[in-house]
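Heavy atoms only: backbone and side chains are in, while hydrogens, waters and symmetry mates are out. Just so it is clear: chains get the letters A, B, ... in the order the sequence lines come, proteins before strands, and each one is counted from 1.
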Amino acid sequence: MEIVYVYVKKRSEFGKQCNFSDHQAELNIDIAPNPELAEQFVERNPVDTGIQCSVSMSEHEANTERFEMETRGVNHVEGGWPKDVNPLELEQTIRFRKKVEKDENYINAIMQLGSIMEHCIKQNNAIDIYEEYFNDEEAVEVTEEAPSAKTINVFRDPQEIKRAATHLSWHPDGNRKLAVAYSCLDFQRAPVGMSNDSYIWDLENPNKPELALKPSSPLVTLEYNPKDSHVLLGGCYNGQIACWDTRKGSLVADLSTIEFSHRDPVYGTIWLQSKTGTECFSASTDGQVMWWDIRKISEPTEVVIMDITRKEQLENALGAISLEFESTLPTKFMVGTEQGIIISCNRKAKIVCTFSGHHGPIYALQRNPFYPKNFLTVGDWTARIWSEDSRESSIMWTKYHMAYLTDAAWSPVRPAVFFTTKMDGTLDIWDFVFKQCDPALSLKVCDEALFCLRVQDNGCLIACGSQLGMTTLLEVSSGLSTLQRNERNIASSMFERETRREKILEARHREMRLKEKGKAEGRDEEQRDEGLATDLEALVSKAEEEFFDIIFAELKKQEADAIKPKPMPDLFCTSGQRKKRHHLSGSLPLGSTDKMPKYERAKQQHGREKKQRQQPSSEEVQVAQEGEEATGERVGDEEEEDLA
Amino acid sequence: MNKWTNTGQGPGLLISSVPGPTATGLGEPQAEVEETLKRIQSHKGVIGTMVVNAEGIPIRTTLDNSTTVQYAGLLHQLTMKARSTVRDIDPQNDLTFLRIRSKKHEIMVAPDKEYLLIVIQNPCE
């Protein structure tokens with residue numbers, strides 16, 4: 001840019017006062033327009049400009065012409081009258097009528113019509129043709145359809161090293177979420193690098209779990225707090241109790257101190273009904289049941305030792321493997337032990353009574369939601385229903401299955417329906433008002449073993465967890481999840497009947513035993529003891545022989561049955577027959593596959609193992625075994641006889 | 001003076017039990033007609049009876065006039081329609097009886113060449 005004019009002022013004159021004087025305008029600068037510059041520009045046509053523009057409107061009022069409307073009715077007056085008769089005049093109409101009545105046609109017509117009409121009237125009076133016959137019976141939805149269940153969803157463990165799904169818990173509000181605990185229950189056989197995480201799944205999204213819970217040791221059990229749906233309680237494999245708040249994230253919110261926790265995996269954790277909603281209790285195979293308050297989870301508030309001799313000796317304690325608590329009976333709880341005994345206790349930490357009858361650890365224990373006096377247990381190869389009144393034995397039991405039963409649950413809507421899962425991956429749905437010897441429905445859910453089962457509160461959805469961490473969600477048909485007519489009465493009468501039967505049998509038993517005692521007292525005491533000691537070995541081996549013989553006979557029969565279909569014998573006894581109770585020398589360890597081997601293979605195996613007792617690898621079972629040897633004598637004595 | 005005294009026995013309280021004219025020969029059948037209609041009316045559940053002629057004029061009725069007129073007009077048309085329907089389907093057929101069962105009662109119409117006998121009955125429930 002060229003400097004055209006320079007405005008100069010002496011420095012000494014800066015800040016000098018202005019001398020205003022009047023003088024002529026001076027042209028300082030005159031820049032003429034340079035038309036050449038215009039060539040640098042292009043005329044723009046059209047030019048877009050925005051202007052606010054609207055139609056000018058004015059307000060007018062107008063009044064339309066009114067026109068009147070009228071509503072008129074037309075009254076039809078009787079017509080048909082001949083012209084000479086004015087229908088309004090009574091006299092004329094009467095006269096007309098009388099004339100008609102005298103008409104011969106009229107008379108004949110009326111006579112004829114009259115007789116027809118009378119016939120119909122009498123008909124109407126005789127029978128009401130539109131009578132409602134079954135008025136008081138409401139439309140019964142006769143579910144003719146066979147019970148069925150279908151898989152809705154499958155939640156797979158996202159980890160590469162698969163762990164078993166050992167426990168499931170439904171979210172308490174709305175049941176839209178499922179918390180699954182994963183761990184490997186094989187004793188010390190957990191693969192290296194196995195993750196400790198357990199997951200909360202949202203039912204809508206089976207691809208990815210909603211939240212991962214990260215404990216320091218894998219979780220064996222996991223339960224939602226029924227009062228506060230954000231809080232979860234987990235029992236760890238190393239015996240600690242951990243507590244999570246889902247709002248705080250996936251790390252443990254609270255953890256119990258190792259010194260005061262259990263010494264074995266925690267197999268049962270249940271929340272208690274309390275005003276604060278923070279109390280819970282847990283059970284483990286170390287023989288202790290501990291009460292905790294999660295606000296101060298470092299120490300248990302109370303410890304009870306499951307010693308049925310009531311001496312509070314930890315050495316004698318039975319390992320607890322399942323725990324039961326019903327909020328409607330807040331002072332009582334039940335513990336299922338590894339030794340096959342169910343211990344019923346009350347809150348004041350006293351052992352009330354025991355129920356024995358199972359041969360193996362009791363993996364599931366639950367009271368019937370409608371009739372809390374009756375409870376369902378699963379252990380060894382059967383599922384049994386017990387009544388609190390009958391202590392010596394269960395009142396109802398299923399037949400011995402081919403695979404070990406791992407878990408069972410009652411249906412929350414139907415008192416007579418319960419579900420069981422087996423080691424061969426099948427889910428059985430039992431309905432004992434419909435069929436007692438077999439499950440109403442048996443479904444093969446997966447190829448590997450099923451470990452746990454949980455029914456949703458509406459009775460329709462069932463979640464079951466398998467050995468490879470696969471949780472399957474099934475929906476049951478409406479026939480199995482809606483209360484049938486009279487079902488409550490039938491179920492309760494069945495329970496009562498069976499309880500009564502058991503009581504009668506117990507009484508007879510006692511009588512017989514008393515009689516035998518009386519006889520035995522006559523003989524020499526010492527001689528009897530000696531004889532028993534030497535006979536023990538022979539007795540046990542004889543019992544084993546008989547047991548295996550029965551098994552092989554059964555297998556043989558099943559193979560023969562497989563060729564030609566024949567109904568299985570009714571082994572669900574409701575008459576007075578009892579089977580001889582045989583005692584295996586060691587309960588089977590957890591997690592091993594106990595599929596019954598084939599007929600031949602079994603025989604070979606039996607021959608091999610006949611001399612050496614099967615030594616299980618888990619310590620706990622060792623202890624149990626020793627305990628059983630001691631009690632073996634007692635069992636040998638009490639051989640029940642067949643009661644005809 | 002002759003006073004007419006009432007000797008107590010008046011001209012006789014003769015109550016004639018036979019109503020209506022008895023002299024004419026048509027009396028008896030007419031009495032039968034009366035009897036028939038009375039009998040029909042006295043059946044259990046019968047609310048009303050009426051006889052309507054071919055033009056829809058009610059000849060004989062036990063209900064009030066407005067109801068009768070309504071019934072007569074409507075049922076007459078319906079009967080004609082029913083009869084024509086029956087004859088359309090089979091010309092040799094003819095309408096013998098028409099029963100309309102409604103929630104409240106049953107209307108029975110016995111048609112004839114010239115007259116209609118209409119009975120409204122409440123079937124016993």
**Request:** Against chain A, label Gln70(B) side chain, backbone, both or neither, depending on which of its atoms sit under 4.5 Å from a heavy atom there.
**Result:** neither
**Toward chain A: residues of residues 77-100 of chain B with heavy atoms under 4.5 Å** = Phe97(B), Arg99(B)
**Request:** Below 4.5 Å from any heavy atom of chain A, which atoms of Val51(B) appear? Answer side chain, backbone, both or neither.
**Result:** side chain
**Request:** Please determine, among Pro111(B), Ala110(B), Ala72(B), Ala54(B), the option with the most heavy-atom pairs under 4.5 Å with chain A.
**Result:** Ala110(B)
**Request:** Pick one of side chain, backbone, both or neither for Lys122(A), based on which atoms fall under 4.5 Å of a heavy atom in chain B.
**Result:** side chain
**Complete:** Value for CD (Glu118(A)) from NE2 (His43(B)), rounded to nearest 0.5 Å, stands at 4.0 Å
**Request:** Report the option among Cys120(A), Gly114(A), Ala109(A) that has the most heavy-atom pairs separated by less than 4.5 Å from atoms of chain B.
**Result:** Cys120(A)
**Fill in**
In Ile59(B), Asp112(B), Asn53(B), the residue satisfying side chain to side chain contact (heavy atoms under 4.5 Å, CB included) with Tyr106(A) is Ile59(B)
**Any side-chain heavy-atom pair of Asn124(A) and Met108(B) under 4.5 Å** = yes
**Message:** Donor-acceptor pair, distance only, cut-off 3.5 Å: does the side chain of Arg97(A) make one with the backbone of Pro58(B)?
**Reply:** yes
**Fill in**
Ile121(A) and Ile40(B) have their tightest heavy-atom pair at CD1-CG2, 3.7 Å
**Prompt:** Okay, side chain of Asn125(A), backbone of Lys44(B): is any donor-acceptor separation there less than 3.5 Å?
**Reply:** yes
**Message:** If I compare all heavy atoms of Tyr115(B) with all of Asn105(A), which pair ends up nearest, and what's the gap?
**Reply:** CE1-C, 4.3 Å
**Fill in**
Under 4.5 Å to a heavy atom of chain B? For Met117(A) that would be both
**Under 4.5 Å from a heavy atom of chain A, the part of Val46(B) involved** = side chain
